Chemist: 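Got a structure for you, written out below as structure tokens; questions coming shortly.
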Amino acid sequence: MSDVTPTNESSANDEQSGSGLAAEKARRLAQLDSMRAAGVNPYPYRFDRSHTLEEVRANWGHLEPGIETENGVSVAGRIMLKRDTGKLVFASIRDRSGEIQLFISKAAVGDDEFAAIKHLDLGDWVGVHGTVMTTRKGELSVKPDRVELLSKAVRPMPDKWHGLHDVDTRFRQRYADLIVNEDARRAFEIRHEIIASFRRTLHDRGFIEVETPVLHVESGGAHARPFTTHHNTLDMQLYLRIALELHLKRLIVGGMERVYEIGRIFRNEGISTRHNPEFTMMELYQALGDWNDVMEISETLITQAARDSIGTTIVTIREQEFDLAEPWPRVRMVDAVSEKIGRAVHPSQPVSELRSLAEEHGIRWEDRWGGGKLVEELFEALCEADIVRPTFITGHPTEISPLARVDRDDPWLTERFEIFVDSRELGNGYSELNDPVEQRLRFEEEQAAKEAGDVEAGSLDEDYLRALEYGMPPTGGLGIGMDRLTMLLAGVDSIKEVILFPTLRHEVL
RNA sequence: GCUUCUCUAGCUCAAUGGCAGAGCAACGGACUCUUAAUCCGCAGGUUCUGGGUUCGAAUCCCAGGGGAAGCACCA
């Protein structure tokens, strides 16, 4: 039994006069009633597909113009375009693999079914049984024997040519965006391929994927304001995690040696083209390694992800091309600042000196900032904007790196790096601090900063210290922002383009 | 949070102080090789909301709402 049998049209016409969205929906809903009255289910349960549209094209794409084969196929998709020439209707349907034209002949499907097909709307899902052919002009087509309605769209599609541009609607109604905007679909395919590539690379290197809690008792592992929530039965305040770090390192203590997690983290901060309150971080920890190991892993992961997602390691940033496969420059933070300022800068200098330097460059410093924080502020104000190609900025001051190990050659700095691309921080890694006594001192400094009013400072995590007391092997750790990496490889300027449902204010309907 | 811009038919856009319009989609009709099919016809509006100025407001002003960009924030 097939399809659409519009009956009793005249009886419903009174309520369907006029146009606009309400009238359009009323018209289509009335069609549903007609179909059901005629014993047709406009929402059948399933459909047996023999080929995706990509497979049809792969198998028969070589056909010369004007060929009618006897090869039967069953395909399914959404009607994207319809061209009605009377006794012949051309419809383009699309599934996730591609598009193909239906060549619907009145003679081939019969009068009743043909009339029903003419009442299909753009946006309807159909299942088609037919044969493969090419038109006289060579367009590969399926010539249906039967067209089944698989799902009726009661809301009209966006403009078939101009698509959907309004960014508000695109983000709120991502489903509509994905239906009509090829670029939107592409960005999320790239995102998927990047994540799949990471998993392959890490699996090949012996990393184990784990899942750690999203609900944290302490909010640690980064400097950020957390979201707070509450557990009713336990009657306790909980934080949504701002980083994966501290739980993953507990697993290194446990002897898992190589672990990673690709997970959502949450920061209760501003929203911008580079920030969404929830975003996806990949963090990995490798026992017996240090920052050099994880810098190498960073280059490999990202370069391979580029190959796998966009088929090249060449990326265009600010209209310049860079090859990710070339070694990334490594620049010490203090050297970058020193070069910019024209004299040596180092956190060991008297704070008063660094404060005047900050003032010279328009930075409003705060009393509680030490030399390390001042150096970082100088870097952000003077150097960040100039970084275009992927670059390791290394040697962050100890003061601002409470979980990183002190540089083996300079007690003021840590063995830490951040990956910067196009002025954006893309990743962060270091030789992990594994001395429980030193870690406690660093936490105490954090705690003091928090008590002094720094809302982003971490607190003292006794359980984490207890874990370190069992002994954590030397370890290299790395975090990469998956959203920003996707932005880089997909070549888009807003993080909302790579997050399916970005955070928006509540819509007033 | 601040500044600027923006919001008109389901979608894409016009109209800048003087009758709210077009294309697509829809609806009725013609057409068996179209490709954003074409052609004829018809219909569709809380111009984001609420005030105000004006003889007259989509347009100017005020307040509010949504969105965007930038700044601030954000290792």
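Here is how names work: the chains are called A, B, and so on, in the same order as the sequence lines, proteins then strands, and each is numbered from 1. Just so we're clear, the structure is a prediction, and the values are computed from it rather than from any experiment.
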Chemist: Select base, sugar-phosphate, or nothing to describe what Gly66(A) touches, counting heavy atoms under 4.0 Å on all strands.
Modeler: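 Nothing, no heavy atom under 4.0 Å.
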Chemist: Using a 4.0 Å heavy-atom cut-off across all strands, classify Ile400(A) as base, sugar-phosphate, or nothing.
Modeler: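 Base contact - Ile400(A) has a heavy atom under 4.0 Å of at least one base atom.
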Chemist: List for me each residue that meets ring-ring contact (aromatic ring centres under 6.0 Å, His included) alongside Trp328(A), sequence neighbours excluded, and say none if there are none.
Modeler: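 Result, ring-ring contact (aromatic ring centres under 6.0 Å, His included) vs Trp328(A): Phe392(A).
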Chemist: How does RNA chain B look in dot-bracket form if you count Watson-Crick and G-U pairs under 3.5 Å, write [ ] for pairs that cross, and put | where a base pairs with another strand?
Modeler: (((((((..((((....[..))))..((((.......))))......(((((..]....))))))))))))....
Chemist: What's Asn428(A) touching, base or sugar-phosphate or nothing? Going by heavy atoms closer than 4.0 Å.
Modeler: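 The answer is base, as Asn428(A) lies within the cut-off (heavy atoms under 4.0 Å) of a base atom.
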Chemist: Only one of Glu446(A), Glu438(A), Glu444(A) clears salt bridge (charged side-chain N to carboxylate O under 4.0 Å, His left out) with Arg442(A); which?
Modeler: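 Checked Glu446(A), Glu438(A), Glu444(A) against Arg442(A); only one passes salt bridge (charged side-chain N to carboxylate O under 4.0 Å, His left out): Glu438(A).
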Chemist: Got a sec, which residues hit ring-ring contact (aromatic ring centres under 6.0 Å, His included) with Trp365(A), two or more places apart in sequence or on another chain?
Modeler: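 Testing Trp365(A) for ring-ring contact (aromatic ring centres under 6.0 Å, His included), a comparison that skips the adjacent residues, returns none.
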Chemist: Provide a list of protein-nucleic acid N or O atom pairs under 3.5 angstrom, restricted to nucleotides 19-23 of chain B.
Modeler:
{"from": "G23(B)", "atom 1": "N2", "to": "Asp159(A)", "atom 2": "OD2", "distance (Å)": "2.6"}

Chemist: Under 4.0 Å, heavy atoms only, any strand: does Arg155(A) hit a base, just the sugar-phosphate, or nothing?
Modeler: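 Nothing, no nucleic acid heavy atom in range.
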Chemist: Name each donor-acceptor pair under 3.5 Å that joins a side chain in residues 415-423 of chain A to protein atoms two or more places apart or in another chain, with its distance.
Modeler:
{"from": "Glu415(A)", "atom 1": "OE1", "to": "Trp291(A)", "atom 2": "NE1", "distance (Å)": "3.4"}
{"from": "Glu415(A)", "atom 1": "OE1", "to": "Arg408(A)", "atom 2": "NH2", "distance (Å)": "2.8"}
{"from": "Glu415(A)", "atom 1": "OE1", "to": "Ser431(A)", "atom 2": "OG", "distance (Å)": "2.7"}
{"from": "Glu415(A)", "atom 1": "OE2", "to": "Arg408(A)", "atom 2": "N", "distance (Å)": "3.3"}
{"from": "Glu415(A)", "atom 1": "OE2", "to": "Arg408(A)", "atom 2": "NE", "distance (Å)": "2.4"}
{"from": "Glu415(A)", "atom 1": "OE2", "to": "Arg408(A)", "atom 2": "NH2", "distance (Å)": "3.2"}
{"from": "Arg416(A)", "atom 1": "NE", "to": "Asn428(A)", "atom 2": "OD1", "distance (Å)": "3.1"}
{"from": "Arg416(A)", "atom 1": "NH1", "to": "Ile400(A)", "atom 2": "O", "distance (Å)": "3.3"}
{"from": "Arg416(A)", "atom 1": "NH1", "to": "Ser401(A)", "atom 2": "OG", "distance (Å)": "2.8"}
{"from": "Glu418(A)", "atom 1": "OE1", "to": "His396(A)", "atom 2": "NE2", "distance (Å)": "2.9"}
{"from": "Asp422(A)", "atom 1": "OD1", "to": "Arg318(A)", "atom 2": "NE", "distance (Å)": "2.6"}
{"from": "Asp422(A)", "atom 1": "OD1", "to": "Arg318(A)", "atom 2": "NH2", "distance (Å)": "3.1"}
{"from": "Ser423(A)", "atom 1": "OG", "to": "Arg318(A)", "atom 2": "NH2", "distance (Å)": "2.6"}
{"from": "Ser423(A)", "atom 1": "OG", "to": "Glu384(A)", "atom 2": "O", "distance (Å)": "3.1"}
{"from": "Ser423(A)", "atom 1": "OG", "to": "Ala385(A)", "atom 2": "O", "distance (Å)": "3.1"}

Chemist: The criterion is side chain to side chain contact (heavy atoms under 4.5 Å, CB included); which residues satisfy it with Glu283(A), sequence neighbours excluded?
Modeler: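 Once residues adjacent in sequence are excluded, the partners of Glu283(A) under the side chain to side chain contact (heavy atoms under 4.5 Å, CB included) criterion are Ala243(A), Leu244(A), Glu245(A), Leu248(A), Met281(A), Tyr285(A).
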Chemist: I'd like to check the ring-ring contact (aromatic ring centres under 6.0 Å, His included) partners of Tyr239(A); sequence neighbours left out, ordered by chain and number.
Modeler: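 For Tyr239(A) there are no ring-ring contact (aromatic ring centres under 6.0 Å, His included) partners, ignoring immediate neighbours.
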Chemist: Under 4.0 Å between any heavy atoms, over every strand shown, what does Thr273(A) touch: base, sugar-phosphate, or nothing? Just pick one.
Modeler: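 Sugar-phosphate only.
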Chemist: Quick one: list whatever passes side chain to side chain contact (heavy atoms under 4.5 Å, CB included) with Lys87(A), sequence neighbours left out.
Modeler: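 Per chain and number, Lys87(A) pairs via side chain to side chain contact (heavy atoms under 4.5 Å, CB included) with Lys106(A).
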Chemist: Which residues satisfy the side chain to side chain contact (heavy atoms under 4.5 Å, CB included) test with Asp335(A), sequence neighbours excluded?
Modeler: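 For Asp335(A) the side chain to side chain contact (heavy atoms under 4.5 Å, CB included) partners, ignoring immediate neighbours, are Arg332(A).
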Chemist: Counting only non-hydrogen atoms, which of residues 358-379 of chain A are less than 4.0 Å from RNA chain B?
Modeler: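 Going residue by residue through residues 358-379 of chain A, the ones with a heavy atom under 4.0 Å of RNA chain B turn out to be Glu376(A).
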Chemist: For Asp410(A), enumerate each residue passing the salt bridge (charged side-chain N to carboxylate O under 4.0 Å, His left out) test, keeping only those at least two apart in sequence or located in another chain.
Modeler: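 Per chain and number, Asp410(A) pairs via salt bridge (charged side-chain N to carboxylate O under 4.0 Å, His left out) with no residue.
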Chemist: If the condition is side chain to side chain contact (heavy atoms under 4.5 Å, CB included), which residues does Val167(A) pass it with, not counting sequence neighbours?
Modeler: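 Val167(A) satisfies side chain to side chain contact (heavy atoms under 4.5 Å, CB included) with Arg170(A), Phe171(A) once adjacent residues are dropped.
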Chemist: Contact class for Lys143(A) vs. all strands (heavy atom < 4.0 Å): base, sugar-phosphate, or nothing?
Modeler: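 No contact.
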Chemist: How would you label the contact of Ala176(A) with the nucleic acid (heavy atoms, under 4.0 Å): base, sugar-phosphate, or nothing?
Modeler: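 If one applies the 4.0 Å heavy-atom cut-off, Ala176(A) turns out to touch nothing in the nucleic acid.
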